[in-house]
Number of protein chains: 2
Amino acid sequence: MATRTRRSQRRTEALSRERIVEAAVELLDAAGESGLTFRALTERLATGPGAVYWHVANKDELLAAATEGVVTTALTEAAVPPEDSPQEGVRAVALGLSGAIEEHPWLATQLALQLARNPWGTVTARIFESLGRRVRALGVPESGWFTATSALLHYILGAAGQNAANATAPGTGAERAEFLGAVSAAWKDLDPDDYPFTRAVADQMREHDDREQFLAGIDFVLTGITTLHPPGAPPRTPPAGT
Amino acid sequence: MATRTRRSQRRTEALSRERIVEAAVELLDAAGESGLTFRALTERLATGPGAVYWHVANKDELLAAATEGVVTTALTEAAVPPEDSPQEGVRAVALGLSGAIEEHPWLATQLALQLARNPWGTVTARIFESLGRRVRALGVPESGWFTATSALLHYILGAAGQNAANATAPGTGAERAEFLGAVSAAWKDLDPDDYPFTRAVADQMREHDDREQFLAGIDFVLTGITTLHPPGAPPRTPPAGT
DNA sequence: ACCTGAACACCGTTCAAGT
DNA sequence: ACCTGAACACCGTTCAAGT
């Protein structure tokens with residue numbers, strides 16, 4: 001669609017880092033991680049590999065740039081709606097990222113890779129900042145800012161990573177129900193001695209709603225934060241062990 | 001070390017799926033993800049690629065098997081020490097996984113990939129079961145089991161993913177301090193308009209302890225769970241928005 | 001049933017050469 | 001300064017052939 005148009009004016013606009021990253025995102029969206037190769041990329045840009053390497057150090061840097069671009073867009077859009085509370089702001093950030101992963105299924109894997117490879121890089125910093133402002137607005141005392149924001153970040157990235165697979169198989173509600181039914185059935189077939197708990201919640205898994213589940217987890221973390229770091233007070237001791 | 005011994009008896013013990021997975025883990029431990037190639041693997045096993053493909057479908061399956069093996073070991077070991085409380089049990093599971101990632105730095109990335117690719121596969125089920133038993137012991141009413149356990153799972157995997165990089169650069173305390181100092185300095189250099197919060201917590205990030213931070217997050221989730229799902233009661237409404 | 005190993009298609013990256 | 005494109009080293013995977 002837009003491809004045809006863009007291709008016809010190919011050599012009129014000069015190659016640039018942004019053009020390259022843009023094309024990389026398009027390839028990733030269209031065919032997943034395996035769709036992004038230097039051959040596909042150079043064909044789409046009507047150039048040679050050397051030209052790409054002039055603007056980008058290597059494939060890892062290209063993937064990092066694509067990830068950051070998509071995340072930045074998602075966070076900017078998430079910031080638009082007026083928030084009634086810091087809690088809603090946190091949920092908006094989380095759902096914004098979730099939505100971005102739904103649009104770009106490759107994003108979940110890349111976020112995880114970036115996180116593991118470069119734990120405090122620019123991608124992380126962007127999300128961290130968005131969450132941190134809401135944590136501050138929550139009235140958490142300054143001493144708890146870093147800890148509380150990190151916990152939210154970790155939960156959101158972990159949950160988003162798992163829910164990514166839903167995007168890969170977008171499917172109608174029926175397909176989704178079929179998938180959940182299959183997993184639920186598989187759980188019920190697990191060894192009763194090894195997996196008593198998992199078997200017991202097989203029905204709950206079949207009936208669960210990803211978005212509801214995602215938000216419930218955020219509420220656990222938010223509740224924990226406001227309980228253990230009440231506004232204006234020093235942090236309390238964690239829940240007693242024994 | 002053990003390699004020499006094993007190599008000399010190479011053709012006496014027959015090739016098997018377990019031997020292959022074991023060798024894969026050794027290669028991953030020794031040289032990271034890029035160290036596991038079919039060429040390195042077949043050389044170590046003194047065989048050809050066809051032999052490996054007879055036991056294993058492809059590289060993805062091999063990586064999944066390596067991941068599951070290491071996770072299973074970690075969870076089995078984590079279950080050994082007697083627990084004074086369900087809370088301590090959850091912490092033991094989390095620290096067990098953390099420890100496994102420290103020993104096998106490639107594990108964090110692979111866990112993230114497995115999670116995104118096959119969200120309810122056997123690896124996830126193993127961790128889910130370990131956490132779920134403690135959630136049940138916590139007295140959470142049955143209706144909240146799935147939600148509460150999932151939230152713990154997501155937090156732990158997200159946090160473990162980020163802390164993986166520390167293992168890659170194991171380093172002494174001095175190297176670690178240098179790294180944190182560099183990140184902290186980079187945060188202070190961020191644009192004051194775009195990153196006010198991140199700049200404000202740059203010092204906290206430099207002084208933070210990964211393990212403490214990790215456990216603090218678990219306490220947030222546990223506190224949220226026991227607050228919103230008090231024993232014997234139906235779930236309460238989430239924290240008010242406005 | 002299990003293993004061998006040459007061959008294949010494809011990948012990221014380099015670099016001498018052009019403009 | 002920016003781009004070209006042939007060439008390189010390496011990868012996962014296949015498959016006809018052996019035992």
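Here the structure is a predicted model, which means the values were calculated and not measured.
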- Query: So does B:Arg133 pair up with B:Glu129, basic N to acidic O under 4.0 Å?
  - Reply: yes

- Item | Sequence-distant partners of A:Phe38, ring pair (Phe, Tyr, Trp, His ring centres under 6.0 Å), two or more places apart | A:Tyr53

Each nucleotide N or O in nucleotides 8-15 of chain C that has a protein N or O under 3.5 Å away: list the pair and distance.
residue: C:dC11; atom: N4; partner: A:Arg39; partner atom: NH2; Å: 3.3
residue: C:dG12; atom: OP1; partner: A:Lys59; partner atom: NZ; Å: 2.5
residue: C:dG12; atom: OP2; partner: A:Phe38; partner atom: N; Å: 2.9
residue: C:dG12; atom: N7; partner: A:Arg39; partner atom: NH1; Å: 3.0
residue: C:dG12; atom: O6; partner: A:Arg39; partner atom: NH2; Å: 2.9
residue: C:dT13; atom: OP2; partner: A:Tyr53; partner atom: OH; Å: 2.7
residue: C:dT13; atom: OP2; partner: A:Lys59; partner atom: N; Å: 3.0
residue: C:dT13; atom: O5'; partner: A:Tyr53; partner atom: OH; Å: 2.8

Is there any protein nitrogen or oxygen under 3.5 Å from a nitrogen or oxygen in nucleotides 17-19 of chain D, and what are the pairs?
none

- Message: Parallel, tilted or perpendicular: which one describes the rings of A:Phe128 and B:Trp187, with boundaries at 30° and 60°?
- Response: tilted

- Message: Taking A:Glu61 first and then A:Arg17, would you say they form a salt bridge - that is, a charged N and a carboxylate O separated by under 4.0 Å?
- Response: yes

- Item | Watson-Crick and G-U pairing of DNA chain D written in dot-bracket, each distance under 3.5 angstrom, with | for inter-strand partners | ||.|||||...|||||.||

- Which nucleotide in the set C:dT4, C:dC3, D:dC3 lies at the smallest distance from any side-chain heavy atom of B:Thr47? C:dT4

- Task: For D:dA17 and C:dC2, measure between their P atoms and round to the nearest Å.
- Result: 22 Å

- Message: According to salt bridge (Lys or Arg N to Asp or Glu O under 4.0 Å), who are the partners of A:Arg199, at least two apart in sequence or on a separate chain?
- Response: none

- Electrostatic pair A:Arg126:B:Asp194 at N-O distance under 4.0 angstrom: no

- Short side-chain N/O contact to D:dC3 OP1/OP2 from A:His55, under 4.0 Å: yes

- Item | Residues in salt bridge (Lys or Arg N to Asp or Glu O under 4.0 Å) contact with A:Asp60, at least two apart in sequence or another chain | A:Arg117

